Amino acid sequence: MRVIVILVPSSSSIVTPPNPSRHNHHYTHLLKASKSRIPNLSPSNLPPPPWSSSRSPPLSTALRWDPTKTHPRSLADFANNLARDGKLVDFAMVVETVADSGVEASQFKSALRADFVEKGLSEFLRDGKVQSFVNVLNKLDEFGFPPLEIFTGSAMDLLRKECRGILKCREVDELVELVEVLAGFGFSIKELMKPSDVIKVCVQKRKPKMAIRYACTLPHAHMVFCDTIYEFGKKGDLESALTAFEFAKKNSNSINMYLYRTIIDICGRCHAYQKSRQIYEDLLSQKVTPNVYVVNSIMNVNAHDLSYTFNVYRNLQNLGVEPDMASYNILLKACCLAGRVDWAQDIYKEVQHLESSGLLKLDVFTYSTIVKVLADAKLWQMALKVKDDMLSAGVTPNTVTWSSLISACANAGLVEKAIQLFEEMLLDGCEPNSQCCNILLHACVEASQYDRAFRLFESWKRNRVQDMPEDDKENRASNASSGITTARSRSSQLYGLNFAKELSFMPTVATYNILMKACGSDYYHAKALMDEMNTMGLSPNQITWSILIDICGSSGNIEGALKILRTMREAGIEPDVVAYTTVIKVCVENKYMKQAFSLFAEMKRYQIQPNLVTYNTLLRARSRYGSSLEVKQCLVVYQDMRRAGYRSNDFYLKQLIEEWCEGVIQCDNQNQEEFSSSMTDTERPQSLLLEKVAEHLQKNIAESLTIDLQGLTKVEARIVVLAVLQVVKEKYSRGHIISDDMLITLGIGKVDTIPDELELGVKDAITKLLQDELGLEVLSKGLEIASNTQMYLESTNHSTSNSEYLGSNELPTERRPVVMQRLMVTRKSLRQWLYKRSSLRR
DNA sequence: TCCTGAGGTC
């Protein structure tokens, strides 16, 4: 079949439309250029053959010819000339025409000049016509002329430059699309660009999908998937890391364990523990058996949760996964974090047993971790015993092991022993790192041996090898070998070191922080150290500033402490919860409660979450409160604390409220011994009492005088009643009038059952308090209510248990009336009491 | 993996 084609560049499908923005185009849709858009022409309009000229003819006018009547070599010459002259669009059209004509193309193909085509393609790249470049590649590829055969060194260089240019402009989408096209032609993407550079830009621009698409073009895509997820995670961008993970999962045809390991590790890095568990459980629900690395990762990420970690471990058998040494080391780490010495010791014994059976080989991690567990538990002797174990097992302690051994002694307050171990480490040829030196310094500071800490620090600074001139170093070495060490030994003795080796000691921020702690209350010394830090090129961190605040505040300088907090923020270090807590502590210690509460409000404004220490610091401010306002303020903090999910420490607050409430009867009665002795009632949730007090302080008591004492002990009930009376008293002194009787609910019981002992105790104690101690008129009132009402009341609290209950056969027998036990204090006697109290005061 | 800062009735 004859095909006659009109070649009109301006209407062709492969012509690049002008575009002002170079890097703003999509190429992929051009991979399959439509041929149907090239119109056929009737044979009567055949043009003269255009290849008679040595120069390529202009194509501005329509050219028409019948390729079947032309020699393939002549066609090739024509095409070659077009390519050589940079008319590559036209060249491509000739190629396309030949392809479409049905003529024998092999001769034409063999006569094409790859060097000319390459030249033309290079020009496209030089001019930034990337889309045209891609279009031509498409055409050549369709024709069976793979672009890879055309490209030689120089064109590849240009292509590389072009890719780098796009990358430099951060046009990741465009680059990835081009790369995908090139990959389709078989180009080696790794040779065009450094994959890590592309991934970096994807991470910067938060384009996880582009990163994965790029990774798909590389031969080791799976590895690059993981690198990508890791890079996102390192930047703290968990969302993108997860997107990349999901996308990578879809683009993998098999389950890639390394991918799961990576995302689980990244979840750990980003503190998304629940997410890591979800991913792991998803894997299990697909009936996939994870490998030991995935299992170790999930355990490691969740090592702070001992029970979860152990559950995963216990499940290993069901899964048929064999734990390795790392699995056991992670279990030890979990015990270490949870402070479970007993469990750690059991595991240690078990792995030792496994080792003796030849199933495992304990490594330096195992020993270091168990040493740390023992060190934290102040079991220094056992820690030293582990050192012997490891030496006899032929495992050499590393810096971390030595550090843990030293901190074992340091934690037990044994500075001498710690220093002795430090020397032993040097003799053993183990180079201490900064952290290790810091542990030793910290040991001195903890034992209040401040001078010793400073002397050690100075000696290490002097011994720094890299600070010495070369010949000085040589002198030292030759002195050491010839035994001329007198001067040095003397100075070493002075610093408590019998062996002073040149240390590659480099102080860190932590070093200076420890030394600042050693300044006690000497603010100027601490400040000088902070300045020295700066000259050493170290930046003070949040800890540094907090220490400075503490030192300044310790001399009662509240203004100074507050000022440092501001300076800290100005210096670009955002104060954290500890910095705020430190300033709050300073205020509380100096009884500046208003300032303390104001700082508390300020930190909340900055969205810094107070923690248990902050709350306890504030609530510890149990100075005598004169009014319900201050107690209220305290209770607000208390309730805030409970809302934040902290188990409240009610001791101080309970005492505070007690003192405040007892103020009601202070002048009337001194007989309170019985109550204070029974205060330590830890059986019941103490918070209930405080909730009741808070509730009564916060609602408008003048409206309805009702007190609910259900579930409280008699001491707690006493406090609640007194708290309400205290509020009533304060309101009365401000002019409020009592218009109602006071109703006190004691409990709900069935009509013909005897109230329990506790309830009777409360009733007696409260009646005694109101009648005998305060002289109020008290009436006992039983209010009968239907049993289904009681069930309704119960169901509001225990919906699930109630439904179970409803389903049982016992239901009909329970339909008995119940009684609400109440006490009533008459309005008249309350008024008399208030009047008597106020006249007493006058 | 190891170091440094704030709180403390039992």
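Keep in mind the model is a prediction, meaning the values are calculated, not measured. What you see below is based on every heavy atom in this structure, not just the backbone, and it leaves out hydrogens, waters and symmetry mates. Numbered from 1 within each chain, the chains take letters A, B, ... in sequence-line order.
Taking atom CG on A:Leu405 and atom P on B:dC3, their separation rounds to 14 Å, with Å as the unit. In this structure, A:Asn513 atom CG and B:dT4 atom P are separated by 10 Å, rounded to whole Å. To the nearest angstrom, C1' of B:dT1 lies 13 Å from CE of A:Met390. Going from atom CE of A:Met299 over to atom C1' of B:dT1 covers 15 Å, rounded to whole Å. Nucleotide B:dA6 holds its P atom 14 Å from the CE atom of A:Met568, rounded to whole Å. Rounded to whole angstrom, the span from the CG atom of A:Leu332 across to the C1' atom of B:dC2 amounts to 16 Å. Put simply, CG on A:Asn438 is 19 Å from P on B:dT1, counting in whole angstrom units. What separates CG of A:Asp376 from P of B:dT1 is a distance of 16 Å, to the nearest Å.
A:Tyr450 and A:His525 have their aromatic ring centers separated by at least 6.0 angstrom. Remark: aromatic rings of A:Tyr512 and A:Phe457 are close, center separation under 6.0 Å. Residues A:Trp343 and A:Phe310 place their aromatic rings such that the two centres sit under 6.0 Å apart.
Between A:His442 and the phosphate of B:dG5, there is a side-chain N or O to OP1/OP2 separation shorter than 4.0 Å. Residue A:Lys333 places none of its side-chain N or O atoms closer than 4.0 Å to OP1 or OP2 of B:dC2. Applying the 4.0 Å criterion to OP1 and OP2 of B:dG7, one finds that A:Lys585 has a side-chain N or O inside that range.
Between A:Glu458 and A:Arg455 no salt bridge is recorded (no basic side-chain N to carboxylate O distance below 4.0 Å). With salt bridges taken as basic N to acidic carboxylate O contacts below 4.0 Å, one links A:Asp305 and A:Arg277.
Picking from B:dC2, B:dT4, B:dA6 the nucleotide with the shortest atom distance to the side chain of A:Gln435 gives B:dC2. Nearest nucleotide to the A:Ile547 side chain, out of B:dC2, B:dG5, B:dA6: B:dG5. For A:Ile514, whose side chain is taken as the heavy atoms from C-beta onward, the closest listed nucleotide among B:dA6, B:dT1, B:dT4 is B:dT4. With B:dG7, B:dT4, B:dC2 as the candidates, the nucleotide lying closest to the side chain of A:Asn541 is B:dT4. Listed nucleotides: B:dA6, B:dG5, B:dT1. Nearest to the side chain of A:Phe365: B:dT1.
Between the side chain of A:Thr617 and the base of B:dG7, no donor-acceptor pair under 3.5 Å is found.
A:Thr582 comes within 4.0 angstrom of sugar-phosphate atoms only, judged by non-hydrogen atoms across all strands, and of no base. Among the protein residues, A:Asn611 comes within range of the nucleic acid bases, having at least one heavy atom under 4.0 Å from a base atom.
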